[in-house]
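Okay, structure first, notes after.
Note that the numbering runs from 1 along the sequence shown for the chain. Treat the numbers as computed from the prediction; the structure is a model and nothing was measured.
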Amino acid sequence: MGARITLARGDITTQDVDAVVNAANSGLLGGGGVDGAIHRAGGPAILAACRELRATTLPDGLPTGQAVATTGGNLPAAHVIHTVGPVHAKREDRSELLASAYRESLRVADEIGARTVAFPAVSAGIYGWPMDDAARIAVGTVAATPTDVEEARFVLFGDEAYDAFRRAVDALD
Ligand code: APR
């Protein structure tokens, strides 16, 4: 069964869900955008857990398209699922890596028993992915991935992102 897809506007760190997906980088040690917001709002426990991963199972960091869970720290969400989206490139189609980031985030959500998951528009910020295409890949992948997650909530910053995801959801039927 697939997850019910919902859309919300605003700050992903405030969402009262089981898990929040972070648009991380491979280093897993923080950054700007969603990454910065999650570490700021979630507090040092998240970074400590990321450091532990780097010191043990992920010595070379988290590869693009993969996902890993940590504590949610002070967030309403119990868990953060860190995933690394691809940097947009004109000469190379990295769509499959972006789809993998969503698919792997759902797989990790199933592993930790998360039933409600908030997703940002991965790669559509600092990593430069055009919003309409990012929304198409995000919504299409989540809609097509069997998972025990009941709600996949895309949390969008601003009208451009929200409208792009609304169009992608409307195009599903
Ligand atoms: N809540 C929801 N959405 C947000 C928030 C927030 N608090 N902050 C930013 N966004 C939006 C951005 O406007 C964009 O649409 O999330 C989308 C993803 O943007 P980024 O966070 O820049 O993520 P990404 O494009 O995947 O770039 C990842 O940026 O922050 C660094 O460490 C991160 O190196 C990594 C890179």
Side-chain angles (χ1 to χ4, degrees), residues 1-26 32-35 37-38 62-69 72 75-173:
M1 243 325 257
R4 177 168 56 88
I5 290 176
T6 62
L7 302 182
R9 289 170 200 264
D11 181 352
I12 198 167
T13 65
T14 65
Q15 298 298 311
D16 188 6
V17 291
D18 296 330
V20 165
V21 172
N22 180 22
N25 57 57
S26 291
V34 170
D35 203 1
I38 285 175
L62 183 65
T64 300
Q66 294 187 22
V68 70
L75 296 179
H79 307 277
V80 173
I81 296 173
H82 306 264
T83 192
V84 180
V87 176
H88 184 253
K90 287 190 174 41
R91 287 168 308 288
E92 179 192 343
D93 180 1
R94 296 175 176 168
S95 303
E96 190 38 47
L97 280 171
L98 184 54
S100 173
Y102 287 100
R103 206 173 295 123
E104 285 300 300
S105 293
L106 286 172
R107 184 184 58 74
V108 171
D110 286 344
E111 274 178 5
I112 61 179
R115 292 287 178 271
T116 55
V117 179
F119 289 91
V122 175
S123 290
I126 293 167
Y127 280 1
W129 207 283
M131 185 58 77
D132 274 332
D133 198 44
R136 179 184 61 79
I137 293 169
V139 169
T141 302
V142 170
T145 302
T147 174
D148 294 332
V149 170
E150 289 156 7
E151 180 192 0
R153 184 185 308 171
F154 287 103
V155 183
L156 292 325
F157 244 23
D159 292 342
E160 187 217 353
Y162 186 86
D163 294 345
F165 275 75
R166 168 56 58 216
R167 284 192 297 274
V169 170
D170 293 346
L172 275 181
D173 311 326

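Looking at every heavy atom in both residues, Pro63 comes nearest to Val84 through O-CB, 4.0 Å. Shown here for Val142 and Ala152, the closest heavy-atom pair between the two residues is CG1-CB, 3.6 Å.
The shortest side-chain heavy-atom distance between Val34 and Ile12 falls under the 4.5 Å cut-off. For the pair Thr83/Asn22, no side-chain contact is recorded, criterion being any heavy-atom separation below 4.5 Å from C-beta on. Counting only heavy atoms from C-beta outward, the side chains of Val68 and Val108 never approach each other to under 4.5 Å. When side chains are defined from C-beta on, Val20 does not count as touching Thr13, because their heavy atoms never get closer than 4.5 Å.
The pair Arg166-Asp170 meets the salt-bridge criterion, with a side-chain N (NZ, NE, NH1 or NH2) lying under 4.0 Å from an Asp/Glu carboxylate O.
Checked against side-chain contact (heavy atoms from CB on, under 4.5 Å), Tyr127 has the following partners two or more places apart in sequence or in another chain: Asn25, Val87, Ser123. Under the side chain to side chain donor-acceptor pair (under 3.5 Å) criterion, Gln15 pairs with Arg153, sequence neighbours left out.
The closest donor-acceptor contact from the side chain of Ser100 to the backbone of Glu96 lies at 3.5 Å or more, if one exists at all. Between the Tyr102 side chain and the Val122 main chain, a donor and an acceptor come within less than 3.5 Å of each other. Asp35 contributes no side-chain N or O that, together with a main-chain N or O of Ala24, makes up a donor-acceptor pair within less than 3.5 Å.
Among residues at least two apart or in separate chains, there is no salt bridge (Lys or Arg N to Asp or Glu O under 4.0 Å) pair with a member in residues 11-20.
Between Phe119 and Phe154, the angle of the ring planes lies from 30° to 60°, which puts this pair in the tilted group.
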